[in-house]
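Here the structure is laid out as structure tokens; the discussion comes afterwards.
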Number of protein chains: 2
Amino acid sequence: MDPDDRRQQILARAQTLFRERPYGEVSNTEIAAAAGVSRGLLNHYFGTKRELYLAALAEMLDVPPVPVPEYVAGASVRDRVCESVNGWLQLLEDDQETWLAALGTGGDPELEQVVDQAREGIVDHIIEVVGLGPLARSRPEVRGMLRGFSGMAEATSAEWLKRGRLTRHQVHEFLEETLVRLLEDVIPRVLDDPPP
Amino acid sequence: MDPDDRRQQILARAQTLFRERPYGEVSNTEIAAAAGVSRGLLNHYFGTKRELYLAALAEMLDVPPVPVPEYVAGASVRDRVCESVNGWLQLLEDDQETWLAALGTGGDPELEQVVDQAREGIVDHIIEVVGLGPLARSRPEVRGMLRGFSGMAEATSAEWLKRGRLTRHQVHEFLEETLVRLLEDVIPRVLDDPPP
DNA sequence: CACGTTGTTGGCGCCTCGCCAATAGAGATT
DNA sequence: AATCTCTATTGGCGAGGCGCCAACAACGTG
């Protein structure tokens, strides 16, 4: 068989398995059996199991981005932003299981639950400090949106601590300005908006 | 030895090891040796290796939140928001390595690089669709902040797809409103602000 | 026709994990 | 004080997984 085809076939089988179960629970033996080849052939093509996993994941995430429509050239900022958000949600709906498996903790539900609980504590702290009223506290949508802000805080903090593209001062200012606008404008607007 | 003390001691050693290396690269034998006990004792206390890992991670993430200062009662929204952001950054500086190890992909650098590349592609797409000028494109701070927005998009999408606390419509509206404000107000303000 | 190259396989050795029988030591009971 | 029970603790056994390597086969080439 053609080496490129074989390599691609193994990767395809590995992807489907890594999508449904986390790394540690998928054995090379299983991947080889699913691909109809010997186990040693996996090492021949990809070296180690980790390299196979990285290759599979890289190809999973290497999806062509949603094409940019033409009309954005003369459109307003809001229209272009709307289009960008649409592109993201579209991408997410197209191959949902891929992103859910790749991002997060790799698909482990119990592990997910542990870090989820810690993040909910962060949200609790935000709610307490900014002094949300009891009516806002009771709505789960508010918690959901604040979890969104928490994700932003984690990402910008990583930009500061790991990548160095932001300073601590910039992270602070960015998060403060954003959170103020969320509380005063965005969140009330989303809450008041009726579902279509 | 007192069972509680022993359990705590094993957890402490496991935490330090799991902080510096990802799950798969830390063996139970190593944890047992570091704790000065037999390997079988780990199974006696925690059952399986995964349970030990979850227990260690849960205790790592179970840090007491930064206490809320008193003056927030009569302060403005902005002051309280500032205090909340301060709390987050403080928490991050106090035990930085814990959060960096727990969040993200579990401390695996190569895996991190793969998903990082995918996320940078998302940022590229945002930049292209919203039509940022070449001067804004060139600044790495802009990319850093848009990565923050990307983190928010991932978190809110998880709220929609996994938790169900937000609808797709709400996610869309929330992200659109937020991104418009980021582009028009927040990002320019952070860029123009001189470092202290 | 011989020969080197390469895809492919089965097997060997090492490591890790979960389980279990065996041990030792402390506390309780008589 | 002696015994007995309970439990913390250990070493070892078996299963499974991974990386590596020698052997085989098939195909093109001189």
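We name chains A, B, ... by the order of the sequence lines, and we start the count at 1 in each one. Predicted model, so just to flag it, every value in this text is computed and none were measured.
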query: Okay, side chain of E97(A), backbone of E20(A): is any donor-acceptor separation there less than 3.5 Å?
result: no
message: So for atom CD, which belongs to E93(B), do other residues, nucleotides or ligands contribute more than 12 heavy atoms lying within a distance under 6.0 Å?
response: yes
query: Considering only heavy atoms from C-beta outward, does the side chain of E177(B) approach that of R78(A) to under 4.5 Å?
result: yes
field: Cation over ring face, R13(B) and F18(B), 6.0 Å, 45°
entry: no
Atom pairs, protein N/O to nucleotides 22-25 of chain C N/O, distance under 3.5 Å:
none

- prompt: For the helix from dC1(C)-dG30(D) to dT30(C)-dA1(D), how many degrees between its two end axes (five pairs per end), to the nearest 10°?
  reply: 20°
query: Are V180(A) and L183(A) connected in a single hydrophobic cluster, I mean Ile/Leu/Val/Met/Phe/Trp/Tyr linked by side-chain heavy atoms less than 4.5 Å apart?
result: yes
task: May I have the distance from E25(A) (atom CD) to dG16(D) (atom P), rounded to whole angstrom?
output: 16 Å
message: Would the distance check show the side chain of Q170(A) and the main-chain N or O of T167(A) forming a donor-acceptor pair, the cut-off being under 3.5 Å?
response: yes
Contacting residues from residues 7-14 of chain B, given that a heavy atom lies under 4.0 angstrom of DNA chain D: none
field: Euclidean distance, atom CG of residue D4(A) to atom C1' of dT6(C) [Å, nearest integer]
entry: 14 Å
Spacing of Y53(A) atom OH relative to dC18(D) atom C1', expressed in whole Å: 18 Å
field: Trace of the side-chain hydrogen bond (donor to acceptor under 3.5 Å, both in side chains) decision for Q8(A) with E59(A)
entry: CA-CA 10 Å; Q8(A) 200 57 33; E59(A) 199 188 72; 2.8 Å; yes
Give each protein N/O atom lying under 3.5 Å from an N/O atom of nucleotides 19-23 of chain D, with the pair distance.
from	atom 1	to	atom 2	distance (Å)
dG19(D)	OP1	T48(A)	OG1	2.1
dG19(D)	OP1	K49(A)	N	3.4
dG19(D)	OP2	N43(A)	OD1	3.3
dG19(D)	OP2	K49(A)	N	3.3
dG19(D)	N7	R39(A)	NH1	3.4
dG19(D)	O6	R39(A)	NH2	2.4

R80(A) (side chain) donor-acceptor with A75(A) (main chain) under 3.5 angstrom: yes
message: Within the structure provided, determine whether L17(B) and R21(B) are in side-chain contact (heavy-atom separation under 4.5 Å).
response: yes
Distance-only donor-acceptor pairs under 3.5 Å for side chains of residues 122-134 of chain A, two or more places apart:
from	atom 1	to	atom 2	distance (Å)
D124(A)	OD1	R143(A)	NH1	3.1
D124(A)	OD1	R143(A)	NH2	2.9
H125(A)	NE2	V66(B)	O	2.8

More than 12 heavy atoms of other groups within 6.0 Å of E120(A) CD: yes
Give me, pair by pair, the N or O atoms of the protein and of nucleotides 6-9 of chain D that are less than 3.5 Å apart, along with how far apart they are.
from	atom 1	to	atom 2	distance (Å)
dA8(D)	OP2	H44(B)	NE2	3.3
dT9(D)	OP1	R6(B)	NH1	2.9
dT9(D)	OP2	Y45(B)	OH	2.8

